[in-house]
Amino acid sequence: MNSSFDEYISNLNSNRNNFPSELFEFAANTERYELNHPKSLHDAWVTSITIAENRNKVRPFEHSLSISLNLLGQQHDRDIVLNYLKVKSYELIGTENPFNYGDTFHGDVLTHEVSITGNGFQHIIELRSGSTFKVTFADFNCVEKIYT
């Protein structure tokens with residue numbers, strides 16, 4: 001681990017009480033950043049991004065936005081599904097993978113970082129192609145679907 005990563009993890013730990021438990025467990029789990037761990041986002045591929053306007057049928061103006069980011073794990077043995085709930089804002093910059101378009105459009109995940117913002121929480125994911133996914137949200141969960 002390098003010093004900036006150690007500072008990042010230290011900052012997460014010092015702010016532990018400001019995070020929802022599931023988000024903290026995800027963000028502070030060093031396995032999610034390792035180069036060769038099945039749970040890592042590093043080298044995972046984007047398989048889908050779903051943006052949903054969730055409407056209350058009785059009161060349709062009471063709505064929320066959610067985003068689900070599905071990644072094929074680096075060892076191709078699982079899907080890692082990141083669900084962002086009560087989304088406040090998002091940015092998606094998609095760029096064709098110049099290194100191996102036949103492999104994956106966006107390229108694999110290079111880095112990701114979770115932080116606290118004035119509006120809630122933010123997750124920034126940078127991909128090999130230069131693509132970036134940034135989402136600000138209030139709630140989060142992560143589901144892994146392991147292929148057996």
**Study point:** Working for side chain to side chain contact (heavy atoms under 4.5 Å, CB included), residues Ile9 and Thr30
**Key:** CA-CA 8 Å; Ile9 294 297; Thr30 58; 4.3 Å; yes

Review point. Do Thr132 and Ile125 touch side chain to side chain, with heavy atoms closer than 4.5 Å?
Key: no

Check your understanding: So, His42 side chain and Leu35 main chain: donor-acceptor pair closer than 3.5 Å or not?
Key -> no

**Study point:** Any residue meeting side-chain contact (heavy atoms from CB on, under 4.5 Å) with Thr95, in chain and number order, not counting sequence neighbours
**Key:** Ile93, Ser129, Ser131

Review point. If only atom types and distance count, is the side chain of Asn11 paired as donor or acceptor with the main-chain N or O of Glu7 below 3.5 Å?
Key: no

Exercise for review: Check whether the ring centres of Phe121 and Phe140 lie less than 6.0 Å apart, and answer yes or no.
Suggested key: no

**Study point:** salt bridge (Lys or Arg N to Asp or Glu O under 4.0 Å) contacts touching residues 68-82 (sequence neighbours left out)
**Key:** Arg78-Glu144

Review point. Is Ile67 close to Thr50 at the side-chain level, that is, under 4.5 Å between some pair of heavy atoms?
Key: no

Practice item. To the nearest 0.5 angstrom, please state how far the CG atom of Asp108 sits from the CG atom of Asp43. Key: 4.5 Å

Review point. NE2 of His63 to CZ of Arg55: how many Å apart, nearest 0.5 Å?
Key: 5.0 Å

Exercise for review: Flag the pair Thr117 / Gln122 as yes when at least one side-chain heavy-atom distance between them is below 4.5 Å, and no otherwise.
Suggested key: yes

Practice item. Decide yes or no for Val46 and Leu127: does some side-chain heavy atom of the first lie under 4.5 Å from some side-chain heavy atom of the second? Key: yes

Check your understanding: Could you give the distance from CZ (Arg128) to CG (Leu110), rounded to the nearest 0.5 Å?
Key -> 4.5 Å

Check your understanding: Who are the side-chain contact (heavy atoms from CB on, under 4.5 Å) partners of Leu92, not counting sequence neighbours?
Key -> Ile49, Phe133

Check your understanding: Quick one: are Gln74 and Asn36 in side-chain contact, heavy atoms under 4.5 Å?
Key -> yes

Point to revise | Euclidean distance, Ser66 OG relative to Phe137 CZ, rounded to 0.5 Å | key: 13.0 Å

Practice item. Please tell me if the side chains of Glu113 and Tyr8 come closer than 4.5 Å, counting only heavy atoms from C-beta onward. Key: yes

Practice item. Answer whether the closest heavy-atom distance between the side chains of Arg32 and Ser40 falls below 4.5 Å. Key: no

Exercise for review: Check the hydrophobic clustering (I, L, V, M, F, W, Y; side-chain heavy atoms under 4.5 Å; chains of links allowed) and say if Tyr90 and Leu41 are grouped together.
Suggested key: yes

Review point. Hey, what else clusters with Leu72 if you join Ile, Leu, Val, Met, Phe, Trp, Tyr whenever side-chain heavy atoms sit under 4.5 Å?
Key: Trp45, Tyr147

Under 3.5 Å, which donor-acceptor pairs do the side chains of residues 19-29 form with other protein atoms, sequence neighbours left out?
residue: Glu22; atom: OE2; partner: Cys142; partner atom: N; Å: 3.3
residue: Asn29; atom: OD1; partner: Glu31; partner atom: N; Å: 2.9

Check your understanding: Ile116 and Phe5: same hydrophobic cluster, using ILVMFWY side-chain contacts below 4.5 Å?
Key -> yes

Side-chain polar contacts of residues 80-87 - donor-acceptor pairs under 3.5 angstrom, sequence neighbours left out - could you list them?
residue: Asn83; atom: OD1; partner: Ser68; partner atom: OG; Å: 3.0
residue: Asn83; atom: ND2; partner: Asn141; partner atom: OD1; Å: 2.8
residue: Tyr84; atom: OH; partner: His123; partner atom: ND1; Å: 2.7

Exercise for review: Report yes if the side chains of Ile124 and His112 come closer than 4.5 Å at any heavy-atom pair, otherwise no.
Suggested key: no

